[in-house]
Amino acid sequence: QVQLVESGGGSVQAGGSLELTCKASGVGLGSSSCGKAWWRQAPGRNRELVATMGSDGTTTYADFAKGRFVISQDNAKDTLDLQMHDLNPEDTAMYYCAADRLAGSWFWASPSKYRYWGQGTQVTVS
């Protein structure tokens, strides 16, 4: 059974930083067939893609995340991390980790395509 568990959310003032972690069980995030992503959803808004990491290590970022967020993987801990810097109130949302069987640099642009999801971790910026 695959389980993804996010942690690291919290409340931070504008300009601050947070690091989110997604811990997996039942699936190897570092495997050659696992594509990963961070998504977020603010109240009343659609879930939006934040950043992705392909099974080959290729990363992509939403425009709002470029230059401020960094997606990375810790193979030893089998975690997917998201470092977030220079946060602003528009970054307030529930942040989710997602994964699926995807090869190379492939990722899903639609949240409904991802097979595995975590429960989310709340980020609040004031």
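Start at 1 with the first residue, then count along the sequence. FYI, side chains are in, hydrogens and waters are out, and symmetry mates aren't considered; it's all heavy atoms of this structure. Remember, predicted model here, so these are calculated numbers, not experimental data.
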Review point. Can you check whether Y114 reaches L102 side chain to side chain, under 4.5 Å on heavy atoms?
Key: yes
Review point. What is the distance from atom SG of C22 to atom CH2 of W117, rounded to the nearest 0.5 Å?
Key: 10.5 Å
Point to revise | Shared hydrophobic cluster for L49 and V70 (ILVMFWY, side-chain gaps under 4.5 Å) | key: no
Check your understanding: Got a sec, which residues hit salt bridge (Lys or Arg N to Asp or Glu O under 4.0 Å) with R68, two or more places apart in sequence or on another chain?
Key -> D91
**Study point:** Pairwise side-chain contact, N46 with W39, heavy-atom cut-off 4.5 Å (strictly under)
**Key:** no
**Study point:** In one Ile/Leu/Val/Met/Phe/Trp/Tyr side-chain cluster, 4.5 Å: Y61, L87
**Key:** yes
Check your understanding: Roughly how far, to the nearest 0.5 Å, is NZ of K36 from CG of L29?
Key -> 6.5 Å
Review point. Are the side chains of E6 and Q119 in touch, meaning some heavy atoms are under 4.5 Å apart?
Key: yes
Review point. Are the side chain of T121 and the backbone of G9 linked by a donor-acceptor contact shorter than 3.5 Å?
Key: yes
**Study point:** 4.5 Å side-chain heavy-atom contact, L20 and V123
**Key:** yes
**Study point:** R101 and W106, any side-chain heavy atoms less than 4.5 Å apart
**Key:** no
Review point. Is there a side-chain contact between L80 and I71, using heavy atoms and a 4.5 Å cut-off?
Key: yes
Review point. Are N75 and Q73 linked by a side-chain donor-acceptor pair shorter than 3.5 Å?
Key: yes
Check your understanding: Do the side chains of Y96 and R40 get nearer than 4.5 Å, heavy atoms only?
Key -> no
Review point. Regarding T21 and D81, is there a side-chain donor-to-acceptor distance under 3.5 Å anywhere?
Key: yes
Point to revise | Test item: side-chain donor near acceptor, T60 and T52, under 3.5 Å | key: yes
Check your understanding: About how many Å separate CG of D100 and OG of S33, when rounded to the nearest 0.5 Å?
Key -> 9.5 Å
